[in-house]
Amino acid sequence: MSVEPTDPGAAPAAPAPSDFIRDIVAQDVAARRHAEIITRFPPEPNGYLHIGHAKSICLNFGIARENNGRCNLRFDDTNPVKEDVEYVESITTDVRWLIAGWADHCLGLKVKGGTPAQQTVNGRADAYAAPAPASARDTEAFFASDYFEELYGYAVALIQRGHAYVCDLTPEETEAYRGAPDKPGRDSPYRTRSVAENLDLFARMRAGEFPNGARSLRAKIDMASPNIWLRDPLLYRIRHTAHHHAGDKWCIYPLYDFAHCLSDYLEGITHSICTIEFEVHRPLYDWILQRLELPRALPRQYEFAKLNISYTIFSKRRLLQLVNERHVNGWDDPRLPTLSGARRRGIPASAIRRLAALVGVTKFESVTDVALFEHAIRDELNALAARRLAVLRPVKVVLTNLPAGETVLCDATNNPQDENPTTRQVPLTREVYIESEDFAEVPPPKYFRLKPGGEVRLKYACIIKCDEVVKDATGAVTELRCTADLTTRAGGTNADRKVKGTIHWVSANLSVAAEVRLYDRLFTVAEPGATDDFTRHLNPGSLEVVTARLEPSLATARVEDRFQFERLGYFALDPKDSAPGRPVFNRTITLKDTWAKK
RNA sequence: UGCCCGAUGGUGUAAUGGUAGCACAAACGAUUCUGACUCGUUUUGUCUAGGUUCGAGUCCUAGUCGGGCAGCCA
């Protein structure tokens, strides 16, 4: 089943994930029910994608990938008043980023501007929205709005079969007639209109003869059904509004329930996977498809529980509020759980995919500990991040036995996780900076770092001893005067001398200054979404900006590079605010710190 | 108070009638030129009550708790 390469020399591939939906797909494959497994990721272009969506993307593309199938990116754009091209662009970018190097080959797109092709299947008319051939130059995502003509035809067919009618009830009346969960609804007085009259009225709805809300097209099912969604649900509403993708061709727009199942059908979707709030819609999904007696196999809907992560929020409304009220700086603020925020923060797409694999797929809506996500991020970054030396809060150290002007080049390992690690050189000079946290005049118990009269190793360089602490008038430490034992350098006679602590450092004059943004969780409580005013729990310390000193090699860092600043965490260039000669780094995540925790 | 869905350590999950396992987290230890990584050890679990069965986390019944559904949103 797995398409993972089975290279005998390579590390064993991760086992293909397994869950109840993949089990169903596997059974369908075993039974040869479909020529190809086709899923879809169907966002509405009315907001930015977040980590919660990533779970769905990974599920849908993962299933396609594991079965040599396809996953269509489709915009579910049936409500022009809420949607915008800004979002179709950001969503497309985010999806491509998330699946890059993993499932690009499964991404279903269509020829730009393409609409469903008419075909005949078993002697019956049919339409099919085909993916773009590999040779196609100009491609774009699928759009439900590209199916408006077909959808209209299906609506007409439903009317002709006596399964739909035009209703003149106002929105308020419709609501009143619907009843309540424990009270049956009442039939609309327009429910018994003739097919001919319905056809005429529906055509006139399309022609724009009626104002918004004056009439609607409804399915004729059962106003007494215990399932609200079977109480003659609306199929079409009148909206005299232009559409961001379809233009001004339409003034009637299909509703989700009508458009979604048929869009799935048109694209040949085999498994339509959505979140559990749509579970009660499934009977309607099947009802519409079955009444139309379509010539090809019907898609089936399956539901899973959406992702929640502690210390953050995924609600579109609340995310929007954070942006609008300027608690964060835009949708791609690195503190936000949006995919654009995560990307900007330096989180690799692979870490998000790993999280999705780690949390699994069930019907139980849970709250995943953010620690699991952090673990996935660290684990991915540990393998691919180049180690560098950087000091966030510098304290000057003068190595009194090193002549000014002398530079000692030290070999530093780029990534000890590599099978054959490479090295670079970092310059040691008379004046260096160390992290202010790495010196304590009055050290707590078991403090491994520098203290008066104590010794510590400067990583990749040598052991130094603190001889003198220089302070200013206020008592703040301004300088540490130390002696360096150059015989403890790698290859030196005392190279193997052990000291308890090893700290990071940079040369004072041979280092570069940079703005570094330190992020912490956005909220101070595990479930901010559970409270009424979630903004009360915003973490005031979620962003701290420092001017750090970086080793010289970091001056040429590229946006796509990932770094571990040793002993501090993982960092990446901010792709937006960095400029040549003026690097801005974002801290993606700290290293695990079992010492600080105590 | 209608219908649908769900419930396994602190968290997320596996076990498809046959030894409750994994990951994260936590604790302790080893190792360490990153208090990271790695390695070892340990703590903690089948919502409740009945029933079926040689045997139940799994099947049945009832209950409890949680989620979803009454947009011309998706």
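Protein chains get the first letters and strands the later ones, always in sequence-line order, with residue 1 at the start of each. Values reported hereafter were calculated over all heavy atoms of this structure, with side chains retained and with hydrogens, waters and symmetry mates removed.
Shown here, B:U61 forms a base pair with B:A49; the pair counts as Watson-Crick or G-U wobble because both key distances fall under 3.5 Å. Figure legend. B:A14 is base-paired to no nucleotide; pairs are counted as Watson-Crick or G-U wobble with both atom distances under 3.5 Å. Remark: B:U34 base-pairs with no nucleotide; criterion is Watson-Crick or G-U wobble with both hydrogen-bond distances under 3.5 Å.
Other residues, nucleotides and ligands contribute at most 12 non-hydrogen atoms within 6.0 Å of the CD atom of A:E527. Other residues, nucleotides and ligands contribute more than 12 heavy atoms inside 6.0 Å of the CD atom of A:E86.
For B:G71, the base is syn relative to its sugar; the glycosidic angle is within 90° of 0.
Whole-Å rounding puts the A:R489 CZ to B:C33 P distance at 17 Å. Residue A:L381 contributes atom CG, which lies 19 Å from atom P of B:U34 at whole-angstrom precision. The CD atom of A:E44 sits 6 Å away from the P atom of B:A74 (whole-angstrom rounding). If you take CG of A:L450 and P of B:G35, they are 14 Å apart, rounded to a whole angstrom. As a whole-Å value, the separation of A:K306 NZ from B:C5 C1' is 14 Å. Atoms CD (A:Q417) and C1' (B:U32) sit 12 Å apart, rounded to a whole Å.
Neither OP1 nor OP2 of B:A14 sits under 4.0 Å from any side-chain N or O of A:S18. Regarding contacts with the backbone of B:A25, a side-chain N or O of A:K592 is found under 4.0 angstrom from either OP1 or OP2. Phosphate contact (OP1/OP2 of B:U34, side-chain N/O of A:R387, threshold under 4.0 Å): absent. For the OP1/OP2 pair of B:C33 and a distance below 4.0 Å, the side-chain nitrogens and oxygens of A:K498 include at least one atom meeting the criterion. At the phosphate of B:A74, OP1 or OP2 sits under 4.0 Å from a side-chain N or O atom of A:T78.
Considering only side-chain atoms of A:L358, the nucleotide from B:U34, B:A74, B:A23 that sits closest is B:A23. When distances are taken from the side chain of A:D76 to each of B:A74, B:G35, B:U13, the shortest belongs to B:A74. Between B:G35, B:U1, B:C24, one nucleotide has an atom nearer to the side chain of A:T594 than all others, and that is B:G35. Distances from the side chain of A:K459 to the nucleotides B:C24, B:U1, B:C33 place B:C33 closest. Checking B:A26, B:C33, B:U34 against every side-chain atom of A:L591, the shortest atom distance belongs to B:U34.
Residues A:L284 and A:L230 have side chains in contact (heavy-atom distance under 4.5 Å, counting atoms from C-beta outward).
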Please assess A:F75 against A:F143 for the test ring pair (Phe, Tyr, Trp, His ring centres under 6.0 Å), listing each intermediate value before the final yes or no. CA-CA 5 Å; A:F75 287 100; A:F143 288 83; 5.3 Å; yes

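Figure legend: A:R388 and A:F563 shown without cation-pi pairing, the cationic atom not lying both under 6.0 angstrom from the six-membered ring centre and within 45 degrees of its axis. For A:R186 and A:Y177, the positive end sits near the middle of the six-membered ring, less than 6.0 Å away and at most 45° from its axis. In this structure, A:R40 fails the cation-pi test against A:F142, since its NZ or CZ atom is not both closer than 6.0 Å to the six-membered ring centre and inside 45 degrees of the ring normal.
In this structure, A:F20 reaches neither bases nor backbone, as no heavy-atom distance under 4.0 Å exists between it and the strands shown. Within the 4.0 angstrom heavy-atom criterion, base atoms lie near A:D23. At the heavy-atom level, A:R282 lies nowhere under 4.0 Å from the strands shown. No contact: A:R231 has no heavy atom under 4.0 Å from any strand.
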Tabulated below should be each protein N or O lying under 3.5 Å from an N or O of nucleotides 66-72 of chain B; please produce it.
| unit_1 | atom_1 | unit_2 | atom_2 | d |
| --- | --- | --- | --- | --- |
| B:C69 | O2' | A:W229 | NE1 | 2.8 |
| B:A70 | O2' | A:R178 | NE | 3.3 |
| B:G71 | OP2 | A:R178 | NH2 | 3.2 |
| B:C72 | OP1 | A:R178 | NH2 | 3.1 |
| B:C72 | OP2 | A:R178 | NH1 | 3.2 |
| B:C72 | O3' | A:R239 | NH2 | 3.4 |
| B:C72 | N4 | A:L169 | O | 2.8 |
| B:C72 | N4 | A:P171 | N | 3.3 |
| B:C72 | N4 | A:G213 | O | 3.2 |

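Residues A:P254 and A:Q564 both approach RNA chain B. Their nearest nucleotides, taken by heavy-atom distance, put A:Q564 toward the 5′ side. Position along RNA chain B of the nearest nucleotide to A:T362 versus A:K446 favours A:T362 as the more 5'-ward residue.
When each of A:F258, A:Y147, A:F148, A:Y236 is paired with A:Y253, the ring-ring contact (aromatic ring centres under 6.0 Å, His included) condition holds for A:F148 and for no other.
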